[in-house]
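These values consider heavy atoms only, across backbone and side chains, with no hydrogens, waters or symmetry-generated copies. None of the values given here were measured: they were computed from a predicted structure. Residue numbers count from 1 along this sequence.
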Amino acid sequence: MPRKFFQKYLPSREAIRNNRYIARFGTFFLHPNLWHVNRRSVAGGVAAGLFAGLVPGSNPVQFAVAALLAVAFRVNLPVAAAVTLYTNPLTIGPLYVIAYWIGTLLVPGDSPPFSHPPGFDWANLGVWLRALFEWALSLGKPLALGLVALAIGLAIAGYVIVQLAWRVHVVFAWRRRKARRAGRDLV
């Protein structure tokens, strides 16, 4: 992953230190890895964000969990918060169905019959969210266990994919640089 791309959108260390909201927490949010762009930090941020995205609740709750995970594991905080946005009103239903299916595999025979999630309705978003919450509660233990298993699986997959993609990008950059130095044009 190009480091310059990420650094273009991230605040500088001085801007973070001088921010009045972050200054209230002292040095809690000033660890270098929370803001640096390197392979381990970004991959960890993606993993934390993927895990936190499946925490039941709204985006502020998921952002808070992602921030806590980022601070605990010393990974990129803005990336962790941004990645939680993969869960939204359009994706949460299918993700919960997948989580329920995984949960039924982990807890066989102890699952209530599956009922379809409520249909999405822009006009009555609050009513739809409440119906979705009640639907999720009716699914019980398989859904809860499936959400944890899916969150862990997505976090591991995200971490590995970012690590591999970053490595591939670096290897190709090295090869292009080596070819330029040798006077050849490698495409």
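Rounding to the nearest 0.5 Å gives a distance of 7.5 Å between CD1 of I92 and OH of Y86. Interatomic distance, Y159 OH to R39 CZ, rounded to the nearest 0.5 Å: 8.0 Å. Of the inter-residue distances, the one linking I98 atom CD1 with L95 atom CG reads 5.5 Å to the nearest 0.5 angstrom. Atoms OG1 and OH, on T91 and Y96 in that order, are 10.5 Å from each other to the nearest 0.5 Å. With values rounded to the nearest 0.5 angstrom, W166 atom CH2 is found 12.5 Å from R40 atom CZ.
The cluster map of Ile, Leu, Val, Met, Phe, Trp and Tyr, joined by side-chain heavy atoms under 4.5 Å apart, puts V79 and L50 in the same cluster. Put simply, L54 and V46 are part of the same group of oily side chains (I, L, V, M, F, W, Y) that touch within less than 4.5 Å, one to the next. If you chain together hydrophobic residues whose side chains sit under 4.5 Å apart, V37 and V170 fall into the same group. The same ILVMFWY cluster, assembled from side-chain heavy atoms under 4.5 Å apart, contains both W35 and V71. Under the 4.5 Å side-chain heavy-atom criterion for Ile, Leu, Val, Met, Phe, Trp and Tyr, L106 and V97 are members of the same hydrophobic cluster.
When atom types are taken as modelled, the side chain of N76 and the backbone of H36 share a donor-acceptor pair closer than 3.5 angstrom.
A pairwise comparison of heavy atoms in A48 and V75 identifies CB-CG2, 4.4 Å as the closest pair. Closest of all the heavy-atom pairs between T84 and A52 is CG2-CB, 4.0 Å.
V127 forms part of no hydrophobic cluster, judged by ILVMFWY side-chain heavy-atom separations under 4.5 Å.
Taking R130 as the reference, E134 meet the side-chain contact (heavy atoms from CB on, under 4.5 Å) condition, with sequence neighbours excluded.
Contacts classified as side chain to side chain donor-acceptor pair (under 3.5 Å) and involving residues 142-157 (residues at least two apart or in different chains) are not found. The side chain to side chain donor-acceptor pair (under 3.5 Å) analysis of residues 45-54, with sequence neighbours excluded, yields no pairs.
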*asked:* Please determine whether side-chain contact (heavy atoms from CB on, under 4.5 Å) holds for the pair V168 and V171, giving the CA-CA distance in whole Å, both sets of side-chain angles, and the decisive distance to 0.1 Å.
replied: CA-CA 5 Å; V168 166; V171 167; 5.8 Å; no

Using distance only, find each side-chain donor-acceptor pair of residues 142-157 under 3.5 Å and give its atom names and separation, not counting sequence neighbours.
none

Pairs of donor and acceptor atoms involving the side chains of residues 60-69, under 3.5 Å and at least two apart or interchain, shall be tabulated with distances.
| residue | atom | partner | partner atom | Å |
| --- | --- | --- | --- | --- |
| Q62 | OE1 | T87 | OG1 | 3.2 |
| Q62 | NE2 | G53 | O | 2.8 |
| Q62 | NE2 | V55 | O | 3.1 |

